[in-house]
Each structure stands twice: as C-alpha cells, then as structure tokens.
Amino acid sequence: NSQNLTHQFILHNLLPGLLVFLFALLIRLYLTYPVWNSGDEFERWYQSKRILNAVGMDRMDHHTLRWSVNIPVLIFQWLFGTKPVVYYLIPASFGALASLFVFNISRLITGLRIGFVSSFLFTVTPQISQVGSQLLTEIFSCTYLLGTAYFILRYFKNKRNLYLIFATIFMFLAYGSKEPNLF
C-alpha cells in the first residue's frame, strides 16, 4: 500500500513538475537572445568571474550589491566554468524555475491541464524570452516573487508554518535582487 502511494506521488506530483521544468529549460535555451553589451548583464558576469578567480570586485555599485542575483551567477560559474554557454544556462534555469512556479500556482488554483497551459504560455512569452536570456534582475525577481506567491498559496491550503518560512526566504531573495520588490 505504501509503495502504491509512492508511485501515485511520483506520477501526480514529481513527474509533471519535472516535465514542465525540463521543457521550459529547453524552450529557454532554444529561444535565447544574443548577449547584450549595455553593462548590467555583463557586469554581473564579469564581477562574479573576478570573485571566482580570487581577484575580488573592482567596485561596489548597484550591480555588485544585488547578492541574490550575483550569488547564483557565482555558483553556476563555480560548478560549470566560465564558458559562454554557462552565461545562458543561468537565466534559462531561473526562467524554467519560474515556469515551474507558474505551473504549480495554476495547478493549485485550477488543476493540472491549466497548469500545463499557463506554464507553456508563460515560457514562450517574448518578454520572458528576453529576460530569460540575460543576466538581468527581472528573471531572478520574477522567479523569487513567483516562489513567494506559491508558498503563500500552499500555506493557505495546508496551514503549515514551513510554507510561510519558505515564502519569507523567497521574499528576502526577491528583495536582494531588486529593493522595490518589497513593495
């Protein structure tokens, strides 16, 4: 009986989420925009690379102080190196995670089918394709705010304090990516 419950949990909870994440990641990587040279996204990559190489940041400004964007960039560089493809892997992964949150939010509210449709529409939206291709704060903020919303919804459904703790953590991460996210 417990083995049957495990199979049901995997089929109804983990497998759809994993499929949404992988599909969204492939779409994000397929619909990438070229690297911009305006400064924001390049600065994050460059400053994280300097930290990784033990040189340190060469300045402190709004690019270097957005810790909840820069730390994931640094972690990806540490894990996968500083090859150009890694630049795209970071926002694509956060875009896929945001799509997973959209799927789970929609699924909680309306069901599985609408969850798939809403996550697909979110994934292929041109604005998400654009920010999901660059190291801009928007894709990180979007992911963190969707995570906050998801865990708040989970709390209202199950009344477990752990969901409020996760919502608080995601809200703090959203604040770390861009201060106005608190408002």
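Starting from 1, each residue takes its place in the sequence as its number.
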So OG1 of Thr32 and CG of Leu89: to nearest 0.5 Å the spacing works out to 11.5 Å
Is there a donor-acceptor contact under 3.5 Å from the side chain of Tyr87 to the main chain of Ser133? no
Smallest separation among heavy atoms of Leu100 and Val20, with atom names: CA-CG1, 4.1 Å
Looking at Tyr175, I'd like to know if its OH atom is crowded, meaning that more than 12 non-hydrogen atoms belonging to other residues, nucleotides or ligands lie closer than 6.0 Å. no
CD of Gln130 to CD of Glu138: how many Å apart, nearest 0.5 Å? 9.0 Å
Would you say that Ser141 contacts Lys178 through its side chain, given a criterion of any heavy-atom pair below 4.5 Å between the two side chains? yes
When hydrophobic residues are tied together by side-chain contacts of less than 4.5 Å, even through go-betweens, does Ile139 share a cluster with Phe80? yes
Do other residues, nucleotides or ligands put more than 12 heavy atoms under 6.0 Å from Phe116 CZ? yes
Do the side chain of Ser177 and the main chain of Phe140 share a donor and acceptor less than 3.5 angstrom apart? no
Between Phe94 and Tyr144, is any pair of side-chain heavy atoms under 4.5 Å apart? yes
Heavy-atom donor-acceptor pair, Ser119 side chain to Phe103 backbone, under 3.5 Å: no
Contacts of Ser129 that satisfy side chain to side chain donor-acceptor pair (under 3.5 Å) - sequence neighbours left out: Arg28
Would you say the ring centers of Tyr163 and Tyr155 fall short of 6.0 Å from each other? no
Enter the distance from Lys83:NZ to Gln77:CD here, rounded to the nearest 0.5 Å. 10.5 Å
List the residues meeting side chain to side chain donor-acceptor pair (under 3.5 Å) with Ser99, not counting sequence neighbours, and say none if there are none. Thr123
Residue set satisfying side-chain contact (heavy atoms from CB on, under 4.5 Å) with Leu145, at least two apart, ordered chain then number -> Met171, Ala174, Asn181
In one Ile/Leu/Val/Met/Phe/Trp/Tyr side-chain cluster, 4.5 Å: Leu108, Leu18: yes
At what distance, to the nearest 0.5 angstrom, does NZ of Lys157 lie from CD1 of Ile109? 8.5 Å
One should read off an interatomic distance between Phe151 CZ and Leu164 CG, to the nearest 0.5 angstrom, of 11.0 Å
Is Tyr88 reachable from Trp78 through a run of I, L, V, M, F, W or Y residues, each pair having side-chain heavy atoms under 4.5 Å apart? yes
Heavy-atom nearest pair, Cys142 first then Phe122, reads SG-CZ, 3.7 Å
So which atom in Leu112 and which in Pro16 form the shortest heavy-atom distance, rounded to 0.1 Å? CD1-CB, 4.1 Å
Would Leu79 and Val69 show up in the same hydrophobic cluster when neighbours are defined by side-chain heavy atoms closer than 4.5 Å? yes
What's the shortest heavy-atom distance between Pro72 and Trp67, and which atoms? CD-O, 4.0 Å
How long is the straight-line distance from OG1 of Thr168 back to CG of Asn161, given to the nearest 0.5 Å? 10.0 Å
Closest contact, heavy atoms only, Phe76 versus Val86: O-CG1, 3.9 Å
Quick one, Phe170 with Phe101, criterion ring pair (Phe, Tyr, Trp, His ring centres under 6.0 Å). Give me CA distance, side-chain angles, the key distance, then yes/no. CA-CA 12 Å; Phe170 271 89; Phe101 281 130; 5.5 Å; yes
How close do Val73 and Leu135 get, counting heavy atoms only, and between which atoms? CG2-CD2, 3.9 Å
Quick one: do Leu74 and Ile71 end up in the same hydrophobic cluster if we chain Ile, Leu, Val, Met, Phe, Trp and Tyr together by side-chain heavy atoms under 4.5 Å apart? yes
